[in-house]
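Here's the structure we're looking at; comments come further down.
For the single chain, residues carry numbers from 1 onward in sequence order. Just so it is clear, the structure is predicted and the values come from calculations on it, not from any experiment.
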Amino acid sequence: MPLLINYKEKKSTREKYLQMGITNDMEIWLAMHGWKIRNLGLELDGKPLAELIRLDEKLLVVINEEKKKMRILNDVECSDF
């Protein structure tokens, strides 16, 4: 079963980051959790592929912008989160 990241943020969290100029739910999630994103310019089933990068960690994800979720494609341990 693939791991999913739900990046839809609550209204209170969104308001806090709006004051800092961050307007998009994905950007808010990335800032909160210390990840950077690199879009790969590729698609899987019509959805964009991207790489999340944090220190020495890299996750390959498929972004579903409609449902505000990212599906992790590479194997990770639950303890990594």
For residues Ile72 and Met70: do they belong to one hydrophobic cluster (side chain heavy atoms under 4.5 Å, members Ile, Leu, Val, Met, Phe, Trp, Tyr)? yes
Distance, nearest 0.5 Å, that separates CG of Asn6 from NZ of Lys69: 4.0 Å
Please output the side-chain donor-acceptor pairs of residues 36-43 that fall under 3.5 Å, not counting sequence neighbours, one pair per line with the distance.
{"from": "Arg38", "atom 1": "NE", "to": "Glu51", "atom 2": "OE1", "distance (Å)": "3.2"}
{"from": "Arg38", "atom 1": "NH2", "to": "Glu51", "atom 2": "OE1", "distance (Å)": "2.7"}

Under the side-chain hydrogen bond (donor to acceptor under 3.5 Å, both in side chains) rule, collect the residues that match up with Lys8, sequence neighbours excluded. none
Note, Met32 side chain near Ile28 side chain (heavy atom, < 4.5 Å): yes
State, yes or no, whether a side-chain contact exists between Glu9 and Lys68 at a heavy-atom distance under 4.5 Å. no
Measure the shortest side-chain to side-chain distance between Leu73 and Leu49 over non-hydrogen atoms and say whether it is less than 4.5 angstrom. yes
Check whether any side-chain heavy atom of Leu30 sits under 4.5 Å from a side-chain heavy atom of Leu52, and report yes or no. yes
Among the clusters formed by ILVMFWY side chains lying less than 4.5 Å apart, do Val61 and Trp35 turn up in the same one? yes
What side-chain donor-acceptor pairs closer than 3.5 Å can you find for residues 15-24, not counting sequence neighbours?
{"from": "Asn24", "atom 1": "OD1", "to": "Met26", "atom 2": "N", "distance (Å)": "2.6"}
{"from": "Asn24", "atom 1": "OD1", "to": "Glu27", "atom 2": "N", "distance (Å)": "3.1"}

Could you grab the distance from atom CZ of Arg71 to atom CG of Leu59, nearest 0.5 Å is fine? 13.5 Å
Hey, mind stepping through Glu65 and Tyr7 against side chain to side chain contact (heavy atoms under 4.5 Å, CB included) and telling me if it holds? CA-CA 10 Å; Glu65 295 171 344; Tyr7 64 85; 4.1 Å; yes
Only counting residues at least two apart or in another chain, list the ones meeting salt bridge (Lys or Arg N to Asp or Glu O under 4.0 Å) with Lys47. none
Leu60 reachable from Ile5 in the ILVMFWY side-chain graph, under 4.5 Å edges: no
